[in-house]
Amino acid sequence: MQTATDINRGLQRDDFPLLGRVVHGKPLAYLDSAATTQKPNAVIEAIDAFYRETNANVHRGLHRLAQEATDLYEGARADVREHLNANDTREIVFVRGTTEAINLVAQSYLRPRATSGDEVIVTEMEHHANIVPWQIVGDMIGVRLRVVPIDNDGQIDLEAFERLLNPRTRLVAVTHVSNVLGTINPVKTIIKMTRQTGAAVLVDGAQAVPHMPVDLQDLDCDFYTLSGHKTFGPTGIGVLFGKAELLNAMPPYQGGGDMIQSVTWEGTTFKDAPARFEAGTPHIAGAVGLAAALGYLRSVGYEHIAKQEQSLLAYATARLQALPGLRLIGTADHKAAVLSFVLDGVHPHDVATVLDAHGVATRAGHHCAQPLMRRFGVPATTRASLAFYNSQSDLDALITGIESAREMFQ
Ligand code: PMP
């Protein structure tokens, strides 16, 4: 295992077969990990082995394969609990991803509890997944969305947050790490501040778990979410953590098989969490792949990951800031390796298209954060988002590509 920080080559890059690809005749520089991460062999092999050797449905079968599949699925849940240091495996609900996790909380936690005039607090930097579900439920019952402003570097104004907290606050929903700005938010402080009121806190961890250790018992939030595909695991699987007493007091989000205690024509009783929120056949191979991804992350080690990513971030920031006419959006003191920028006179989509021709995969657009784009007065940005497998040469290719976009369009 390669552990020394060396930004000339990506950490454990050889574990990721796709990173060896050539795109448009150039070696791929994959700088779109905030959209989705590439998968290590450990994950690909775990999914392959599941379908080759074990595949069966879970929970209901008495045959050998069904028992093995159930053990793998429930073992994955135990691995997630351990990885996040949650109190109990029953607090780990498998869902499709962060989007479904937040919708579940909006429909099953907020909707039955809130009354007209209640408030949900979010921040200006939220992903649409952490805005729209609250609006959908809010519009049904008259719940107002209150928005915490951020400063020009992309940092939450904690004093403004304190002023927004009030007895009508039902829930505070905040991202741990911004997918656009890279800002790492002081979620522990936010959770502590919210505890002074009776409100619950949901933390959107989609961009955090791929980069940093998360200790849920230490954080003490009520809900936490992650997406498998952003955490080096498969698509279609994610996690909602919820405190057991909250989950068990929440009505199911969807009905169907595997979540009931008993069904009669008169009515149905439900199992406790997590089963009550996992109607139907779950994404068994996805859970197996996610557990493999988290195990792989632990084997690489978050301290090595942070060192590598922070070195790459420092290098990229210095190189980008030296380019005339380039404005970085997101310059918080404490940030993850995400670099959003606009280039004078060149549309962000044109920058991304030229970069693609250089084999550099970035993303251009509003990044599902339109209110944040408005806050910074830009219609879109080009975003390079990094993971530990990136290298200095990926960033050099980025700089060369931006320079050539400028030559072509300015
Ligand atoms: N929150 C954040 C901060 C994100 O970056 C994303 C994905 N871009 C989401 C939520 C939604 O995640 P998913 O699409 O995996 O449900």
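In each ligand, atom 1 is the first atom listed, and ligand 1 is the first ligand listed.
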I'd like a table of donor-acceptor pairs (distance under 3.5 Å, sequence neighbours excluded) in which one partner is a side-chain atom from residues 17-27, with atom names and distances.
from: His24; atom 1: NE2; to: Asp356; atom 2: OD2; distance (Å): 2.8

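- Of all heavy-atom pairs spanning Asn179 and Val338, the tightest one is O-CG1, 3.6 Å.
- Applying the ring-ring contact (aromatic ring centres under 6.0 Å, His included) rule to Tyr315 yields no partners; only residues at least two apart in sequence or on another chain are considered.
- In this structure, His128 and His366 have tilted ring planes: the angle between them lies in the 30° to 60° band.
- Between Lys188 and Asp220 there is no salt bridge, since none of the side-chain N atoms of the basic residue sits less than 4.0 Å from a carboxylate O of the acidic one.
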What does the contact table look like for ligand 1 (nitrogen or oxygen on each side, cut-off under 3.5 Å)?
from: ligand 1; atom 1: 1 (N); to: Asp204; atom 2: OD1; distance (Å): 3.4
from: ligand 1; atom 1: 1 (N); to: Asp204; atom 2: OD2; distance (Å): 2.5
from: ligand 1; atom 1: 5 (O); to: Gln207; atom 2: NE2; distance (Å): 2.7
from: ligand 1; atom 1: 8 (N); to: His127; atom 2: NE2; distance (Å): 3.2
from: ligand 1; atom 1: 8 (N); to: Lys230; atom 2: NZ; distance (Å): 2.7
from: ligand 1; atom 1: 15 (O); to: Ser227; atom 2: OG; distance (Å): 2.7
from: ligand 1; atom 1: 15 (O); to: His229; atom 2: NE2; distance (Å): 2.8
from: ligand 1; atom 1: 16 (O); to: Thr98; atom 2: N; distance (Å): 3.4
from: ligand 1; atom 1: 16 (O); to: Thr99; atom 2: N; distance (Å): 2.9
from: ligand 1; atom 1: 16 (O); to: Thr99; atom 2: OG1; distance (Å): 2.6

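- Residues forming a ring-ring contact (aromatic ring centres under 6.0 Å, His included) with His83 (at least two apart in sequence, or on another chain): Tyr302.
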